[in-house]
Amino acid sequence: MPTPLIIDTDPGVDDAVALLLALASPEVEVRAVTTVFGNVPLPVTTANAARLLALAGRDDVPLAAGADRPLVHPQRERAESWHGADGLGGLAAGLPEPAAGPDPRGAVGLMADVLRAAPEPVTVVPIGPLTNVALLLAVHPELTARIGRIVAMGGSLGAGNTTGAAEFNVFSDPEAAHRVFTQAEVPVTLVPLDLTMRCLADRRWLADLAASGPRCAQLAAMIGHYHDAFRTRYGLDAVALHDALAVLEAVVPGTLRTTGLPLRVACDLGPARGVVVADRRPAAPGPQVHVALDADIPAVLSEILTRLHAWSAPPVSA
Ligand code: RIB
Ligand code: CA
C-alpha cells in the first residue's frame with residue numbers, strides 16, 4: 001500500500017524535480033499538492049505546480065493555493081534570480097496547460113480533507129516556506145494524529161543562502177518554522193542546507209537527466225537557469241536539488257542519516273532572523289527534530305536520476 005503524500009511547494013526549479021520525483025515513485029501516492037509563496041509569488045507557484053502536474057499527466061491530483069505571505073512579518077524577497085522570473089527557468093509557458101483551476105478549498109482545507117479521508121497516516125512534505133503547514137497544525141489540531149511525519153526541506157545549522165546564516169524557506173517565515181519545529185505531536189525530519197549543499201548534481205548528472213526521455217529533457221532544460229545561477233553565485237558547475245532530497249527521504253524513509261536535535265528559530269527582526277538554533281547540550285529539553293546531516297551522496301543522486309529516467313522514458317513498444 002503506497003504511503004499517501006501531501007506536497008506543499010513553491011515551484012521553483014528544485015521543487016519541480018522534487019514533485020516529479022514523487023510522482024515517479026511507486027512507494028508513495030501524491031494525494032494533494034498545495035502551493036505557498038516563496039521562490040516566486042503565490043499565483044506563479046500555483047500556476048507552475050499545475051503545469052508540472054499536467055506535464056506528468058496527473059491532472060487527477062488535487063491542487064490548492066495557500067498562503068501568499070508569511071504569518072507575521074512581510075518577507076518580500078523572492079528567488080527569481082535563481083529560478084527565473086517565471087520560477088521554472090523561463091520555460092513555464094512551454095509546459096502543458098492545466099485542465100482545471102486550483103481547488104477552491106485552499107491549501108489548508110484540502111490538506112485537512114486529505115487527512116480526514118486517509119485510512120493510514122499521511123506524510124506531509126513542505127519544500128517551501130512552512131506557512132501552510134503551520135496554519136494546518138494551528139487550525140486542525142484534531143488532525144495531527146493523521147499525519148505520520150513531516151519531512152521538510154529548509155534551515156541550516158551553518159551558513160545560510162539568504163542571509164549569512166538563514167536559509168530561504170525558514171527566512172521566508174521564521175514564525176511558521178518555529179511553530180513546526182517546536183511541536184511534539186508530529187515527528188519532523190528536516191533536510192537543511194548542511195546536507196543539500198553537499199549533494200550537488202554535476203554537469204554529467206544533468207546531461208544524463210537530459211538524455212533520460214522527453215519529460216526529463218524538459219526538466220533538464222528548466223534547470224539551465226538555476227545552473228547558471230550556481231555557476232555565477234557559487235562558482236559551482238553543479239546544482240543543489242534541495243527539495244528532491246526531502247522527497248527521496250519521504251519516499252524511502254531512512255535514506256538520509258539524521259540526528260535528533262531540539263530546534264528553535266530566531267524570530268526577531270535583527271540580523272539573526274530566520275537562523276535555526278540547534279540545542280546540542282546533553283539531554284537538551286524540548287521535542288527533537290530529526291535533522292538530516294549525512295547520506296550516501298552518490299547513491300542519493302543516482303537514485304533520483306534512476307527514478308526520473310524510469311518515469312520519463314517512453315514505454316517500450318511491445
Ligand atoms: O533554500 C532552498 C529552498 O528555498 C528550496 O526549497 C528552494 O526551492 C527554495 O524554496
Ligand atoms: Ca522550494
Side-chain angles (χ1 to χ4, degrees), residues 6-22 33-42 44-49 52 65-70 75-89 92 107 124-133 150-174 176-177 180 189-201 219 222-223 225-227 229-230 233-234 236 238-250 265 273-276 291-292 304:
I6 294 172
I7 298 180
D8 188 72
T9 180
D10 64 331
V13 169
D14 61 319
D15 301 71
V17 180
L19 178 56
L20 296 177
L21 175 64
V33 173
T34 53
T35 55
V36 64
F37 78 96
N39 289 315
V40 287
L42 179 68
V44 186
T45 63
T46 305
N48 288 345
L52 290 165
D68 66 353
R69 55 152 291 168
Q75 192 293 83
R76 295 186 178 84
E77 188 172 331
R78 304 279 72 77
E80 288 96 344
S81 63
W82 292 92
H83 298 268
D86 68 355
L88 293 179
V124 177
V125 186
I127 50 177
L130 286 155
T131 315
N132 291 338
V133 175
I150 293 169
V151 184
M153 189 279 143
S156 174
L157 304 189
N161 61 2
T162 302
T163 71
E167 177 277 332
F168 182 81
N169 289 341
V170 173
F171 179 77
S172 291
D173 197 337
V180 174
T189 296
L190 182 66
V191 186
L193 293 180
D194 310 73
L195 180 56
T196 65
M197 284 302 290
R198 289 172 48 213
C199 195
L200 298 176
L219 182 58
M222 282 184 246
I223 297 174
H225 184 285
Y226 189 61
H227 189 185
F230 270 78
R233 310 274 284 267
Y234 288 138
L236 292 172
V239 294
L241 301 172
H242 306 286
D243 297 336
L245 266 67
V247 162
L248 187 60
E249 170 57 33
V265 180
R273 180 165 177 79
V275 170
V276 174
V291 184
I304 294 170

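Throughout, numbering of the chain's residues begins at 1 and tracks the sequence. All heavy atoms count here, side chains included; hydrogens, waters and symmetry mates do not. Note that ligands are numbered from 1 as they come in the structure, with each ligand's atoms numbered from 1 the same way.
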query = When you look at F168 and Q75, which way does the side-chain contact (heavy atoms from CB on, under 4.5 Å) test go after all the steps?
reply = CA-CA 10 Å; F168 182 81; Q75 192 293 83; 4.0 Å; yes
Given N169 and L130, is the side-chain contact (heavy atoms from CB on, under 4.5 Å) satisfied, shown in steps?
-> CA-CA 7 Å; N169 289 341; L130 286 155; 6.0 Å; no
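In N161, the part holding a heavy atom less than 4.0 Å from any atom of ligand 1 is the side chain. Counting heavy atoms closer than 4.0 Å to ligand 1, residue T196 contributes nothing at all. When heavy-atom distances to ligand 1 are checked against a 4.0 Å cut-off, D15 comes that close only through its side chain, counted from C-beta outward.
The option with the heavy atom closest to atom 3 (C) of ligand 1, from among H83, E167, H242, is E167. Of the candidates D14, D243, N169, the one placing a heavy atom closest to atom 4 (O) of ligand 1 is N169.
Interface of M153 with ligand 1, defined as ligand atoms under 4.0 Å from a residue heavy atom, comprises 2 (C), 3 (C), 5 (C), 6 (O). Ligand 1 places these atoms under 4.0 Å from at least one heavy atom of I127: 6 (O).
The shortest distance between side-chain heavy atoms of T35 and L42 falls below 4.5 Å.
Taking the salt bridge (charged side-chain N to carboxylate O under 4.0 Å, His left out) definition, one finds that R78 meets it with nothing, sequence neighbours left out. R233 meets the salt bridge (charged side-chain N to carboxylate O under 4.0 Å, His left out) test with no other residue; sequence neighbours excluded.
For residues 156-167, no pair satisfies side chain to side chain donor-acceptor pair (under 3.5 Å), with sequence neighbours left out.
In terms of heavy-atom proximity, G155 sits nearest to V170 at N-CG2, 3.4 Å. Between A246 and V151 the shortest heavy-atom distance is O-CG1, 3.4 Å. When all heavy atoms of L195 and A292 are compared, the pair lying nearest together is CB-O, 3.5 Å.
Relative ring orientation between H242 and F230 is described as tilted, the plane-to-plane angle lying within the 30° to 60° band.
For the Ca ion (ligand 2), protein N/O/S neighbours under 3.0 Å (waters excluded) are D10 OD1, D15 OD1, D15 OD2, I127 O, D243 OD2.
Among the atoms of L193, none of the N or O lies under 3.5 angstrom from an N or O of ligand 1.
Looking at atom 9 (C) of ligand 1, its nearest protein heavy atom turns out to be N39 OD1, 3.1 Å.
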